[in-house]
Structures are given as C-alpha cells and as structure tokens.
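Here is the naming used below: chain letters follow the sequence lines, and residue numbers restart at 1 for every chain.
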Amino acid sequence: MAETLKNQRKPELIELPITTRDGEFMAHYSEKGLAGLNFPRAKPGSSRAAGSSRAVNAKQIPLQILQWHRTATAALKKILAGLEPGEFPPLDWAGTTDFQKSVWKAMLKIPLGKTKSYGEIAQAIGKPKAVRAVGGACGANPIPVLVPCHRVLAANNKIGGFSSGLGWKASLLEREGIEF
DNA sequence: CTCCGCCTACCAA
DNA sequence: TTGGTAGGCGGAG
C-alpha cells in the first residue's frame, strides 16, 4: 500500500515575489524552506502585466513561510547591493543529487567579494577531475545569488558561463567589487 | 547507453 | 594572443 513515492511528482511549492530595483524575483518555498529563486523575467523598468494580480490569499500562506520570505527578501536585497546578506532562510535541496549539494555547499563557503574556479570547487569536494561536472551543478543551482554560483569563475580568472545570463553574473561580480 | 554542458590543459597558428 | 580539441565527469532521457 505504500503509494509509490514516485507519484509525488508535484512538490507543490508556494511562490512569492521579491521586488527589487533589478526587477521582480520569484521565490519558491516548500514546507522545508526556500527551494528555488528565479531571476526577473523582464528587465527592470518594464512593468509589463504588473503582476497580473494573482493575489495569493496571504491568509492561506503558513506563517513560517512568510517569515522565511522576509529573511530571504532581506538577504537577496543585501547581496544585490553588494553587502553581506546576513541571515538565510533554510534551504530545501530536496530532489537534487549528493554531488550537486556538495558543490552548492562549497559555493556557500566562498566569502562575498571572493571567487573560486570550477577546478578549485572540484578539488574542494574531493573530485578534482569533475571540473566540468561542477559547472553543470552550478547551472543546476536552484537558488542563484543566495547560493553564489556567480562567484565561481573559469580558470585564469575568465568569467566562464552563467545559465541565467552572463550579464547577471558580470553585474553581481561588479557589485561585490570583483574584477575579472 | 548516448548526448550535452557555467571546464581545462595543450597544441597549432 | 586566439582558436580548435580531446579528456573527464555527472545528469538527463
């Protein structure tokens, strides 16, 4: 009778927006914490459908999640301003692989204003040859900015890639005073 | 198993 | 310096 866990296809996350001067980010929360963060769709300024008034009934959102959202919002805005993020909400990496988690944890250890290469991350997690795989994990990072995948550069201080757009990566690095 | 990717080191111009 | 390339690894289908 153990219903196949595989039927749990839908995590059913609660989505809440975070409006910043860079546009509206979208945060996704599970009952365990922040599970995802998306960059703004349009560029700052273009107010398109103005939220299409999908007014989520604030009343039905667990207080716990609202608290995490406040924390996440503050942290995101700080980093976007090139400042120390302070407290983080718990991060929910359910559904991801151990390899990816190890890579993301390693990235969380990179201090603001500092960088590491894909190779250094690979070495840090004990898989010195999995360099390219580290790049893959960075690209799969569900919580960009807070989990600083932008602080990972290619060898020789080259900018490397960024699935959400190199423009974002370059911009985030600049805000932290990083040169490349 | 195959294909692809936020990489690298290396070699040829 | 710039460009092309083969090796290596994990993830997705």
Visitor: Distance under 4.0 Å to a non-hydrogen atom of chain A counts as contact; along DNA chain C, which nucleotides mark the start and end?
Guide: dG7(C) to dG11(C)

Visitor: Do Leu153(A) and Ser117(A) have side chains that approach each other closer than 4.5 Å (heavy atoms only, starting at C-beta)?
Guide: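 No, side chains not in contact.
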
Visitor: Of all of residues 78-85 of chain A, which get a heavy atom below 4.0 angstrom from DNA chain B, listed by number?
Guide: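 Of all residues in residues 78-85 of chain A, none places a heavy atom under 4.0 Å from DNA chain B.
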
Visitor: If you take any heavy atom closer than 4.0 Å to DNA chain B, which residues from residues 104-136 of chain A end up in contact?
Guide: Ser117(A), Tyr118(A), Gly119(A), Val131(A), Arg132(A), Ala133(A), Gly135(A)

Visitor: Hey, does the side chain of Trp104(A) reach the backbone of Ala137(A) with a donor-acceptor pair shorter than 3.5 angstrom?
Guide: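 Checked: pair present.
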
Visitor: Under the 3.5 angstrom rule, does the side chain of Asn156(A) hit a backbone N or O of Lys158(A) as a donor-acceptor pair?
Guide: no

Visitor: Taking His28(A) for the side chain and Asn38(A) for the main chain, is one N or O donor matched with an acceptor at less than 3.5 Å?
Guide: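 No.
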
Visitor: Got Phe25(A) and Thr73(A) here, is their nearest side-chain heavy-atom distance under 4.5 Å?
Guide: no

Visitor: Report the distance from atom CG of Asn157(A) to atom P of dT8(B), rounded to the nearest whole Å.
Guide: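 Roughly 11 Å, once rounded to whole Å.
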
Visitor: When all nucleic acid strands are considered with a 4.0 Å heavy-atom cut-off, which category describes Phe99(A): base, sugar-phosphate, or nothing?
Guide: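 Sugar-phosphate: the residue Phe99(A), judged by heavy atoms under 4.0 Å, touches backbone atoms but no base.
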
Visitor: Mind checking what makes ring pair (Phe, Tyr, Trp, His ring centres under 6.0 Å) contact with Trp68(A), not counting sequence neighbours?
Guide: none

Visitor: How long is the gap from CG on Leu16(A) to OH on Tyr29(A), to the nearest 0.5 Å?
Guide: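 With rounding to 0.5 Å, CG (Leu16(A)) is 6.0 Å from OH (Tyr29(A)).
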
Visitor: Are the side chain of Asp92(A) and the backbone of Glu31(A) linked by a donor-acceptor contact shorter than 3.5 Å?
Guide: no

Visitor: Reading DNA chain C 5' to 3', what string of ( ), [ ], | and . shows its pairs, if Watson-Crick and G-U wobble pairs count only when both distances fall under 3.5 Å?
Guide: |||||||.|||||

Visitor: Any side-chain heavy atom of Tyr118(A) sitting closer than 4.5 Å to one from Arg132(A)?
Guide: no

Visitor: More than 12 foreign heavy atoms under 6.0 Å from NZ of Lys101(A): is that the case here?
Guide: yes

Visitor: Are Phe162(A) and Trp168(A) near enough that their ring centres are under 6.0 Å apart?
Guide: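 Ring centres of Trp168(A) and Phe162(A) not closer than 6.0 Å.
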
Visitor: Ser171(A) side chain to Gly167(A) main-chain N or O, any donor-acceptor pair under 3.5 Å?
Guide: no

Visitor: Show every salt bridge (charged side-chain N to carboxylate O under 4.0 Å, His left out) that has at least one partner inside residues 164-179 of chain A, sequence neighbours left out.
Guide: Asp22(A)-Arg175(A), Arg151(A)-Glu176(A)

